[in-house]
Amino acid sequence: MTDVSALGGIGEYGRNCFLVMDQATNTRIMLDCGVRNGNPEVYPPITETIAQSIQTVFISHVHNDHIGALPLLAQKGFTGDVWMSEASFRQLSAILGKWHDPLINNLHFRSFAKHTRGQAISFTEDFSITWGYSGHMLGSVWYSLQLREKSIFFSGDIVLSSPLLVTDMPDKDRYEYALIDSGHAAQIMPYKRSLTNILSAVNDSSEKYFLPITISGKTCDLLFSLFQALPDRPFFIDEPLYEHINSYLHYPDNLRPERRERLQAMLQSKRLAISRQFEGPGIYLLENKPEGCHEINTNLYQGIDSFFYKSHPDKQDLKTLIRKVFAKKYIFFHSKQHDLDHILQDLSQYNHP
Ligand SMILES: [Zn+2]
Ligand SMILES: [Zn+2]
């Protein structure tokens, strides 16, 4: 019997942590190990029994809501392998030191070689895994697990059409379970509409506009799209964001090849400056808000005319995903209970082929 269960992430936004148990193949693995962000952070209920019985952990990407409980997993006695993409591995190295927890060294962090993308990688005679890029941030991946004749799909956080990052689709398969990110599926917001809304709000070239950001795929996408759409305006960003988007160039397989040149041109352009404070008119993408500015909040959905820019599937994307990933049972994660109820209600009226 195959059993997929959640230690967090279903009916809430964050704390993504799932277990896959399969008696027939003696497989016990964990998919992501995150916390729910906030003060204090909320941890998944990882017990010693869980930590000491699972064999392997697979990480979809390095956002805190997918990796933040790794120190807890180590404290509870897990000492096995934690797998991820090469780009995630590189970014995680910078995060490990911030945890100040020596037990984290008991975990064995491993990365999939680039050339294994899209191929079944055998872990045991009965268990193999395939990964592909999920477009949500640099290094983010989905996983397709094969347990003898049964297969399970885990989307991780997924973005279907990032202007910069590649999104792979898994080979057509009939999955026993599909765990799918429905993070923004209570809304409909095409990227084009978001950009139109944002561009109409930043129309005065003598003004300073501030977009609050975190280091994420969404922020890089927004910067790139706005930079192309406003060819006469200066842009100001934090140094960590510059470093992060610059590192895209080190992972050409993760980057859409047709965008590489324009990304390089943007990073070398005099129109893009590193700054922490207001210098002059222009578009500021910063982590902290400076004084006296027009703020454009892209995180909050307030209807189809808002500045909201999605970083998870919206309602339309979710339907596209369901059309591409056939499963006997779908499990939607990354949505608060109220949104999840709404999503399930909407999908129950949707006849997918
Ligand atoms: Zn994420
Ligand atoms: Zn997430």
Side-chain angles (χ1 to χ4, degrees), residues 6-18 30-38 41-44 57-70 72-73 82-85 87-92 94-95 131-143 153-168 178-187 189 191 212-223 240-241 244-245 247-248 251 254 287 298-301 308-314 317-318 321 331-337 339-340 343:
L7 297 177
I10 296 178
E12 64 182 327
Y13 194 96
R15 198 168 64 150
N16 301 289
C17 186
F18 309 97
M30 182 178 277
L31 299 170
D32 282 346
C33 189
V35 297
R36 190 164 80 224
N37 291 323
E41 291 171 328
V42 182
Y43 280 76
V57 179
F58 297 94
I59 295 294
S60 65
H61 66 296
V62 299
H63 281 155
N64 201 40
D65 59 325
H66 298 260
I67 59 164
L70 285 172
L72 175 64
L73 187 66
V82 181
W83 285 89
M84 66 202 76
S85 69
S88 291
F89 184 84
R90 178 69 69 87
Q91 293 171 86
L92 186 70
I95 296 167
W131 65 274
Y133 286 123
S134 74
H136 170 77
M137 77 175 293
L138 185 65
S140 70
V141 297
W142 51 254
Y143 291 111
F153 180 74
F154 173 53
S155 71
D157 289 0
I158 191 164
V159 159
L160 295 187
S161 52
S162 158
L164 288 172
L165 296 174
V166 169
T167 301
D168 297 315
L179 277 150
I180 301 209
D181 171 12
S182 60
H184 290 147
Q187 292 98 36
M189 185 56 108
Y191 290 121
I213 56 111
T214 56
I215 305 297
S216 65
K218 161 182 157 167
T219 299
C220 297
D221 287 351
L222 261 175
L223 171 63
L241 175 59
H244 181 71
I245 193 165
S247 68
Y248 275 39
Y251 300 95
N254 200 171
E287 287 185 80
T298 64
N299 300 319
L300 204 60
Y301 181 82
F308 175 72
Y309 190 95
K310 67 192 171 189
S311 51
H312 296 274
D314 72 356
D317 297 332
L318 191 63
L321 270 167
I331 301 169
F332 300 109
F333 68 96
H334 230 305
S335 298
K336 286 185 177 169
Q337 192 60 48
D339 287 344
L340 184 60
I343 291 160

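All values derive from a computational prediction rather than experimental measurement. Both counts, for ligands and for their atoms, begin at 1 and track the order of listing.
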N, O or S atom within Asp65 nearest to the Zn ion (ligand 2), by name: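 Within Asp65, restricted to N, O or S, the Zn ion (ligand 2) is closest to atom OD2.
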
His334, N/O/S atom nearest the Zn ion (ligand 2):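 The closest N, O or S atom of His334 to the Zn ion (ligand 2) is NE2.
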
Lys310 (side chain) donor-acceptor with Gln187 (main chain) under 3.5 angstrom: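 No; zero donor-acceptor contacts below 3.5 Å.
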
Donor on one side chain, acceptor on other, Asn37 and Asp65, under 3.5 Å: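 Judged by distance alone, the side chains do not pair up.
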
Residue pair His61 / Asp157, side-chain donor-acceptor N/O under 3.5 Å: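 Looking only at side-chain atoms, Asp157 and His61 do form a donor-acceptor pair, the distance falling under 3.5 Å.
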
The Zn ion (ligand 1) to nearest N/O/S of His66 below 2.8 Å: no

N/O/S atom of Asp157 inside 2.8 Å of the Zn ion (ligand 1), strictly under: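 Checking Asp157: at least one N, O or S atom is under 2.8 Å.
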
side-chain hydrogen bond (donor to acceptor under 3.5 Å, both in side chains) partner of Asp181, the single match among His334, His136, His312: His312

Vertex the Zn ion (ligand 1), arms to His63 ND1 and His136 NE2, rounded to 10°: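 About 90° at the Zn ion (ligand 1).
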
Ring centres under 6.0 angstrom apart (Tyr301, His184):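 No.
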
